[in-house]
Amino acid sequence: GAGYRVWDEFWDLQDSICCIRFWGLSLIKSGEWTSCDPQGMVFEIIFWDALFGNPVCTYQVSPKAKGTFEFYNGSKMFYWEAVLDPLCKISDGWVSIQSIGSENNCWFYWAGSDEGNLYCYQEGATNPDCDIDCAFQLIGIGCGFHEGKIQCESVGMNFGKAKPGTTVTGQIYIYNKGPFY
């Protein structure tokens with residue numbers, strides 16, 4: 001409803017795009033901006049051939065949000081992954097992501113990234129040229145949420161004899177046994 005659309009550039013893709021991952025905040029204005037439950041948010045994702053050019057692929061999706069365990073100004077950061085059907089065949093261009101609906105009247109704020117060419121464009125803003133990139137990842141194959149698999153191994157610790165509230169000291173090795181995106 002605010003009329004803000006953010007665009008970010010991509011280039012040199014070898015494969016068609018089958019899904020997009022993106023990070024950001026889900027906020028609502030009630031006096032101050034506060035976190036908002038992002039479930040049920042609907043996004044319009046458009047791939048463009050050039051900034052303010054022609055739309056190549058347009059999608060309206062409602063992907064499931066996942067928490068990232070990161071916070072920005074006290075607000076929880078979320079991660080979304082949207083499968084794009086049909087695939088989008090474009091190697092260079094721009095992508096825009098805009099929330100267009102929400103059960104809870106949430107607004108999407110796209111997270112920034114320091115990777116890329118350090119430029120994005122915020123349509124509708126007083127100063128639309130931004131010296132930062134947006135946090136997104138374009139995927140050619142292998143879409144779907146991936147859960148990390150953590151394995152913990154204690155060294156010389158016996159948790160079997162520990163009662164609730166007991167402090168056990170020692171060393172624990174933590175291994176990442178799977179991908180986490």
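Quick caveat: nothing in here was measured; it's all calculated off a predicted structure.
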Subject >> Shortest non-hydrogen separation from G140 to D15 and the atoms involved >> reply: CA-CB, 4.1 Å
**OP:** Report yes if the distance between the aromatic ring centroids of W33 and Y109 is under 6.0 Å, otherwise no.
**Re:** yes
Original post:
Would a 4.5 Å heavy-atom cut-off, applied to side chains only, mark N104 and C36 as touching?
Top reply: yes
Original post:
In terms of heavy-atom contacts, does CG of D129 have more than 12 from other residues, nucleotides or ligands at under 6.0 Å?
Top reply: yes
**OP:** Using distance alone, with no hydrogens and no angle criterion, decide if W48 and S96 have a side-chain donor and acceptor under 3.5 Å apart.
**Re:** yes
Original post:
So, do L51 and Y121 sit near enough that their side-chain heavy atoms are less than 4.5 Å apart?
Top reply: yes
**OP:** Anything under 30° is parallel, anything over 60° is perpendicular, the rest tilted; go ahead and classify W80 against F78.
**Re:** tilted
Subject >> Beyond-backbone contact of I97 with V6, side-chain heavy atoms, under 4.5 angstrom >> reply: no
Original post:
In terms of heavy-atom contacts, does CD of Q171 have more than 12 from other residues, nucleotides or ligands at under 6.0 Å?
Top reply: yes
**OP:** Hey, could you give me the SG/CG distance between C19 and L87, rounded to the nearest 0.5 Å?
**Re:** 9.5 Å
**OP:** Determine yes or no for a side-chain-to-main-chain donor-acceptor pair under 3.5 angstrom, with S26 supplying the side chain and C106 the backbone.
**Re:** no
Subject >> Check: D133 and D114 side chains under 4.5 Å, non-hydrogen atoms >> reply: no
Original post:
Do we see a donor-acceptor contact under 3.5 Å between the side chains of E70 and Y72?
Top reply: no
Original post:
If you measure from CD1 on I90 to CG on L13, what distance do you get to the nearest 0.5 Å?
Top reply: 8.0 Å
Original post:
Between F43 and F22, does the ring centroid distance fall short of 6.0 Å?
Top reply: yes
Original post:
Could E44 and R5 be called an ion pair, given the rule that one side-chain N must be under 4.0 Å from one carboxylate O?
Top reply: yes
**OP:** Could you state whether V61 and F108 fall into the same hydrophobic cluster, counting links through intermediate Ile, Leu, Val, Met, Phe, Trp or Tyr residues with side-chain heavy atoms under 4.5 angstrom apart?
**Re:** yes
Original post:
Where the side chain of S113 meets the backbone of E115, is there a donor-acceptor pair that is under 3.5 Å apart?
Top reply: yes
Original post:
Measuring from D8:CG to I132:CD1, what's the distance to the nearest 0.5 Å?
Top reply: 9.5 Å
**OP:** For C120 and C130, run disulfide (SG to SG under 2.5 Å): C-alpha distance rounded to whole Å, both residues' side-chain angles, the deciding distance at 0.1 Å, then the answer.
**Re:** CA-CA 5 Å; C120 70; C130 304; 4.2 Å; no
Original post:
Can you name the one residue among R21, Q137, K66 that meets side-chain hydrogen bond (donor to acceptor under 3.5 Å, both in side chains) with E81?
Top reply: R21
**OP:** Starting at CH2 of W110, measure out to CD of Q98 and round the result to the nearest 0.5 Å.
**Re:** 10.5 Å
Original post:
Of all heavy-atom pairs between P38 and A65, which one has the smallest distance, and what is that distance?
Top reply: CG-CB, 3.5 Å
Subject >> Approximate separation, where rounding is to 0.5 Å, of I139 CD1 and I17 CD1 >> reply: 10.0 Å
Subject >> Heavy-atom check, side chain of F52 versus side chain of W94, under 4.5 Å >> reply: no
**OP:** Return the orientation label for the W23 and Y79 ring planes: parallel under 30°, perpendicular over 60°, tilted otherwise.
**Re:** tilted
Original post:
Quick one: OG on S62 to CD on Q39, what's the gap to the nearest 0.5 Å?
Top reply: 8.5 Å
Original post:
So do the side chains of L84 and C57 get within less than 4.5 Å of each other, counting heavy atoms only?
Top reply: no
Subject >> Minimum heavy-atom distance between W107 and N105, given as atom pair plus value >> reply: CD1-O, 3.6 Å
**OP:** Provide the closest heavy-atom pair for E9 versus N117 in the form atom of the first, atom of the second, distance.
**Re:** OE1-ND2, 2.9 Å
Original post:
With a cut-off of 6.0 Å (strictly less than), are more than 12 heavy atoms of other residues, nucleotides or ligands near CZ of F71?
Top reply: yes
Original post:
Is it true that a side-chain atom of Y59 and a backbone atom of P86 form a donor plus acceptor pair closer than 3.5 Å?
Top reply: yes
Original post:
Should Q60 and I100 count as side-chain neighbours, where that means a heavy-atom distance under 4.5 Å?
Top reply: yes
Original post:
Can you find a heavy atom in the side chain of W7 that is under 4.5 Å from one in the side chain of V95?
Top reply: no
